[in-house]
Student: 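This is the structure I have questions about; it appears just below.
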Amino acid sequence: MRRPVARKLSVLAVSAAVVSVGAAAPPQATSTPEKVPVAVGYGGAVSSVDADASAAGIEVLRNGGNAVDAAVATAAALGVTEPYSSGIGGGGYFVYYDAKSRKVHTIDGRETAPLSADSDLFVENGKPLAFADAVSSGLSVGTPGTPATWATALDQWGSRSLGNVLKPAERIARQGFVVDDTFRSQTASNETRFRYFPDTAQLFLPGGQLPAVGSTFKNPDLARTYAELGRKGVGAIYHGDLGDDIVDTVNNPPVDPASGWNARPGDLSEKDLAAYRAKLQKPTSTSYRGLGVYSIAPSSSGGTTVGEALNILENTDLSKASEVQYLHHYIEASRIAFADRGRWVGDPAFEDVPTQGLLSQRFADSRACLIKDDAVLTSPLAPGDPRDPAACSGGGTAAPTTYEGENTTHLTVADRWGNVVAYTLTIEQTGGSAITVPGRGFILNNELTDFSFAPANPAVHDPNLPGPGKRPRSSISPTIVLDRHNRPVVALGSPGGATIITTVLQVLTEFVDRGLPLVDAIAAPRASQRNAAQTELEPALYSSGVRSQLEAIGHSFKLNPEIGAATGVQRLPGGKWLAAAETVRRGGGSAQVVHPAP
């Protein structure tokens, strides 16, 4: 979910035309800067979907905090203004570039299944549950990882306390933000299931009605929760009363009996919370056009899949290709990388994931030779074997790509010292599980529905079945690109479920190969191929002549109104930073810098 803020909101198109949207905030709401998708200046930069959230990060940078401090502040604010896509009831992946050491570090803050879970977590009466039945239930809720991610990042690299960086978000929750059309419409799309749970309905359907556009939305329960976390630290969740409330809510979902909804209980325990750890781990890395591309390693498939696709494209000169040939090769590289992802990537604590093999140029070359200029591969494509690459051959039976909820949020931050953060966090689909922890002001995730409910293909081992304490596979792909001197070039990421991978890949290739300015690369119309029979196209491509030219080669397409919603930062000469976000998608993003350049 990418909800634009209604107060003095504007969207800056690529042509730089500014269009006013929405209404000014009432006096009691937090003052919000104008919302624009590109900003250039000094002292650091923040790019997110929301102007209040970006301003929270800028406030921390302006007061001397570093990129990690600002990233946590921005994420906490998104938990207020973007409560259907993020918050302390969820998880995510944090990628950090340390300017002093010129090294990239990552945190896996993915949610985990209960220790009691097995491969039949979503099987009932011998059959996999319907997705809709699983989502709005305690069964779908994983142990939250976001609070541990914040604490780990601040402990490792931050310069401010958790309580300090939570202050802007606490203030927004207490004073409120202004409801706009998108927030109202996303509430409306969840109204039925929100009404299953009285605490959710009371918070997000005030007075029993959809929140009115232009009204001020306050969340005093979340303000108190943030204040408690600031005083006690995240131990309040993993070892304290707040954690007890989460466990009680998951295991006894507070459903309205009159709704008739069967809110299946989960089996989360205090032991699950106490055992949770956000994992510090090495990033994935690959070389592309002489640049170092760093991202998150499994349990997310983002780093390996983006990296493999880039390696497949390495020996094709996309800068000189026509738009049709560029898109053809990009689509086919995505198809192949997703075929390999589905076979090989899962939680490495449970699965033998050949990460280095998937990222090897040798394996990529063995797969790249499948691509022909005048023909299209057939999906579902069989995977290759990175342990023993064989030119132009598959290594097993094909399996379709499983569904992932498409609503998440991404933020990108840089500071005056040159540190950079790319951080994607989520509660899974819009509205998560729809279950609000009573009196606490936040929705719990439905992240466990990212597991395969049953083997994607019974003939092939599925690395993404549930297991005790296991992390479900993700497509989150926060990425930082370095030059040959290990200095930042660009950092970016996106929400969008499995389309995150294709969005990051397309923005990178548009920026690096096609030479588009970052904001234009983010705004460019997208295609997404995920080892499916049809490639998804946004309207601008679907209605263009390029589509028919690609169909002449053999491609088949279907319309997707919107794919992804990226943000990024770019290092410029002389200590300047450029922050970039969407111009239109999901209402446009908010790019801000500490000291704007003239």
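Being a predicted model, the structure only gives us computed values, none of them experimental. We're numbering straight along the sequence, starting at 1.
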Student: Which residue is it: T424, T426, T430? I am looking for the one with a side chain to side chain donor-acceptor pair (under 3.5 Å) to T408.
Tutor: T426

Student: For the residue pair T152 and D155, confirm or rule out a side-chain donor-acceptor distance under 3.5 Å.
Tutor: no

Student: With sequence neighbours left out, what residues match E59 under salt bridge (Lys or Arg N to Asp or Glu O under 4.0 Å)?
Tutor: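 Per chain and number, E59 pairs via salt bridge (Lys or Arg N to Asp or Glu O under 4.0 Å) with R171.
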
Student: Using a strict threshold of under 4.0 Å (side-chain N to carboxylate O), is an ion pair present between R526 and E582?
Tutor: yes

Student: Y326: which residues meet the ring pair (Phe, Tyr, Trp, His ring centres under 6.0 Å) condition with it, sequence neighbours left out?
Tutor: none

Student: Suppose we screen for salt bridge (Lys or Arg N to Asp or Glu O under 4.0 Å). Which residues come up paired with D415, at least two apart in sequence or across chains?
Tutor: none

Student: With sequence neighbours excluded, what pairs up with E447 under the salt bridge (Lys or Arg N to Asp or Glu O under 4.0 Å) test?
Tutor: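 So E447 forms a salt bridge (Lys or Arg N to Asp or Glu O under 4.0 Å) with R110.
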
Student: Going by the rule ring pair (Phe, Tyr, Trp, His ring centres under 6.0 Å), which residues pair with F94 if we only count those two or more places apart in sequence or in a different chain?
Tutor: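 F94: ring pair (Phe, Tyr, Trp, His ring centres under 6.0 Å) contacts with Y423.
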
Student: Considering residues at least two apart in sequence or located in another chain, which fulfil the side chain to side chain contact (heavy atoms under 4.5 Å, CB included) criterion with K167?
Tutor: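 Residues passing side chain to side chain contact (heavy atoms under 4.5 Å, CB included) with K167: E170.
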
Student: Run the side-chain hydrogen bond (donor to acceptor under 3.5 Å, both in side chains) test against T284 and tell me which residues pass, sequence neighbours left out.
Tutor: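 Listed in chain order: nothing, the list is empty.
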
Student: Under 3.5 Å, is there a donor-acceptor pair between the T412 and H410 side chains?
Tutor: yes

Student: Between D50 and T81, do the side chains contain a donor N or O and an acceptor N or O under 3.5 Å apart?
Tutor: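 Per modelled atom types, T81 and D50 side chains form a pair under 3.5 Å.
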
Student: Quick one: are N219 and P83 in side-chain contact, heavy atoms under 4.5 Å?
Tutor: no

Student: Listed by chain and number, what are the salt bridge (Lys or Arg N to Asp or Glu O under 4.0 Å) partners of D513, not counting sequence neighbours?
Tutor: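 With neighbours one apart ignored, the set is R289.
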
Student: If you measure from the Lys or Arg side-chain nitrogens to the Asp or Glu carboxylate oxygens, is any gap between E111 and R471 under 4.0 Å?
Tutor: no

Student: Is the closest side-chain donor-acceptor distance between S334 and Q529 under 3.5 Å?
Tutor: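 On atom types as modelled, these side chains do not qualify, holding no pair under 3.5 Å.
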
Student: Apply side-chain contact (heavy atoms from CB on, under 4.5 Å) to the pair E538 and L541, showing each step before the final yes or no.
Tutor: CA-CA 6 Å; E538 287 187 324; L541 281 175; 5.6 Å; no

Student: With sequence neighbours left out, what residues match R416 under side-chain hydrogen bond (donor to acceptor under 3.5 Å, both in side chains)?
Tutor: none

Student: Minimum heavy-atom separation for L518 and G568, please, with both atom names.
Tutor: CD2-C, 4.0 Å

Student: Taking all non-hydrogen atoms of both residues, which atom of S136 and which atom of A434 are closest, and how far apart?
Tutor: OG-CB, 4.4 Å

Student: Taking all non-hydrogen atoms of both residues, which atom of G346 and which atom of V353 are closest, and how far apart?
Tutor: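 Looks like O-CG2, 3.5 Å.
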
Student: Can R341 and S475 be counted as having a side-chain donor-acceptor contact under 3.5 angstrom?
Tutor: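 Yes, S475 and R341 have a side-chain donor paired with an acceptor closer than 3.5 Å.
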
Student: Which residues satisfy the side-chain hydrogen bond (donor to acceptor under 3.5 Å, both in side chains) test with Y294, sequence neighbours excluded?
Tutor: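 With neighbours one apart ignored, the set is empty.
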
Student: Taking ring pair (Phe, Tyr, Trp, His ring centres under 6.0 Å) as the test, write out the residues that go with F194, two or more places apart.
Tutor: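 Listed in chain order: Y84, F204.
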
Student: Between D483 and R571, does at least one N-O distance fall below 4.0 Å, as a salt bridge requires?
Tutor: yes

Student: Side chains of N164 and S161: donor-acceptor distance under 3.5 Å anywhere?
Tutor: no

Student: Between E536 and R530, does a salt bridge (charged side-chain N to carboxylate O under 4.0 Å, His left out) hold up when you go through it step by step?
Tutor: CA-CA 9 Å; E536 296 173 8; R530 306 186 298 280; 3.0 Å; yes

Student: Verify whether one side chain among D69 and S159 offers a donor that lies under 3.5 Å from an acceptor in the other.
Tutor: yes

Student: Would you check if V569 and V413 make a side-chain contact, meaning some heavy-atom pair closer than 4.5 Å?
Tutor: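 Of all side-chain heavy-atom pairs linking V413 with V569, none is under 4.5 Å.
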
Student: Which heavy-atom pair separates L492 from A422 by the least distance, and what is that distance?
Tutor: O-CB, 4.1 Å

Student: When you measure from the side chain of D98 to the backbone N and O of K103, does any donor-acceptor pair fall under 3.5 Å?
Tutor: no

Student: So, S54 and S48: side-chain donor and acceptor under 3.5 Å apart, yes or no?
Tutor: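 Yes, S48 and S54 have a side-chain donor paired with an acceptor closer than 3.5 Å.
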
Student: Is any side-chain heavy atom of N66 closer than 4.5 Å to a side-chain heavy atom of W157?
Tutor: no

Student: Can you name the residues that form a side-chain hydrogen bond (donor to acceptor under 3.5 Å, both in side chains) with T503, not counting sequence neighbours?
Tutor: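 Partners of T503 under the side-chain hydrogen bond (donor to acceptor under 3.5 Å, both in side chains) test: none.
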
